[in-house]
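To keep things clear, I will list the structure first and then write my remarks on it.
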There are 2 protein chains.
Amino acid sequence: MGWTERVVEHLADEGHRLTGPRRAILEHILRYSAPFTAEELLADLQKAGVQVGRATVYRTLELLHTNQWLGLVHRPEGEHGYVVAEPGHQHHLVCRRCGSVIAFQGCELETLLGGLAERLNFRIEGHWLEAFGVCRTCQMTSAA
Amino acid sequence: MGWTERVVEHLADEGHRLTGPRRAILEHILRYSAPFTAEELLADLQKAGVQVGRATVYRTLELLHTNQWLGLVHRPEGEHGYVVAEPGHQHHLVCRRCGSVIAFQGCELETLLGGLAERLNFRIEGHWLEAFGVCRTCQMTSAA
DNA sequence: ATCTACTTGATATTCTGTATCAAGAACTAT
DNA sequence: ATAGTTCTTGATACAGAATATCAAGTAGAT
């Protein structure tokens, strides 16, 4: 069972309807190999001849993000994009060349933050970690 | 030597001019105890009777951010704000009640990411970690 | 004092994201 | 199948953030 099926099933369980626009958006999302924005998706959908409203794209992405089927990745430069994800806590490793994303868990991070929290009497409720660099493929295909 | 002096000295070294607007902005920045946005700063400056253009505020903040005298903090909800920082790698702990920010180093994080990078053959060039929760003061001043 | 290059700021403009609300569908129950 | 209820959609308008432009102004060097 792929990502799309899992999303569809989950949304149905939550009482959301599976509409045409939502189907189209789900399909298109899987074509991205790098983080994408709502505007990019909208443009791509229209370019592909899919008739969808701007509001619907924003709303659907927000719905997926809320349910953790999409993660949010911030680039150092400031922009942020969505990436396909699975529910549950995870972090991302983003290639700054090709944009590919690798998800990972960071259990040891809890320890680090736990110690910090104790020392400062700060009650940590969540964190956000993201790493960027050059993926294996990109390292091989070009120098430096 | 305080933050402002260090910034002024650094900018001078880099060949930047110390203008009235820049002085005013530097002074105002220190008044914030929580992350602030360009628009907020602009409004506060005008409220204080300081005559500065919008573009100048944006440009100056970008200049400071580029030189790492300002850090960028992203809240889980999506907005992001600037916080006073020092050049060099550091992370932030943000209180979601009062917005106060504590900077910290995360040396052990290097280990975690190093192992990950090796396993995946991913060359990590940088990372970004931010934690949020409730600071000591806010824990004391209200329940839950 | 003078000069040059960096800065500024008013304006216009682009772009992102949201509010509105009538029309249109998906799912349910019959 | 059909009807009905409620969720969704999308065109439009709108609000807000951020940038481009470029003449006028000024900091710092000589």
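Proteins come first, then strands; the chains are lettered A, B, ... in the order of their sequence lines, and each starts at number 1.
Across residues 7-27 of chain A, A:R17, A:L18 each have a non-hydrogen atom less than 4.0 Å from an atom of DNA chain C (numbered order).
One end of the helix from C:dA1-D:dT30 to C:dT30-D:dA1 points its axis 40° away from the other end's axis, with each axis taken from 5 pairs and the angle rounded to 10°.
Considering CG of A:L64 and CZ of A:R59, their distance stands at 13.5 Å, rounded to 0.5 Å. In this structure, CG on A:L129 lies 7.0 Å from CG on B:L112, to the nearest 0.5 angstrom. How far CD1 of B:I102 is from NE2 of B:H92: 10.5 Å, rounded to the nearest 0.5 Å.
In this structure, B:E39 contributes its side chain and B:R54 its backbone to no donor-acceptor pair below 3.5 Å. Between the side chain of B:R123 and the backbone N or O of A:V134, no donor-acceptor pair lies under 3.5 Å. Of the possible polar contacts, one joining the B:R22 side chain to the B:R17 backbone as a donor-acceptor pair under 3.5 Å is found.
Straight-line distance from the CZ atom of A:R59 to the P atom of C:dC21: 14 Å, rounded to whole Å.
Residues A:W69 and A:H10 have side chains that bring a donor and an acceptor to within less than 3.5 angstrom of each other. For the residue pair B:H127/B:H89, the side-chain donor-acceptor check at 3.5 Å is satisfied.
Each of B:E62 and A:V52 has a nearest nucleotide on DNA chain D; the 5'-most of these lies closest to A:V52.
The distance between the ring centers of B:W128 and B:H74 falls below 6.0 angstrom.
Across B:I25 and B:T56, no two heavy atoms sit closer than the pair CD1-O, 4.2 Å.
Remark: A:Q51 is in phosphate contact with D:dA11, judged by side-chain N or O atoms under 4.0 Å from OP1 or OP2.
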Under a 4.0 Å heavy-atom criterion, the protein footprint on nucleotides 12-18 of chain D, written with B, S and -, is -----SB
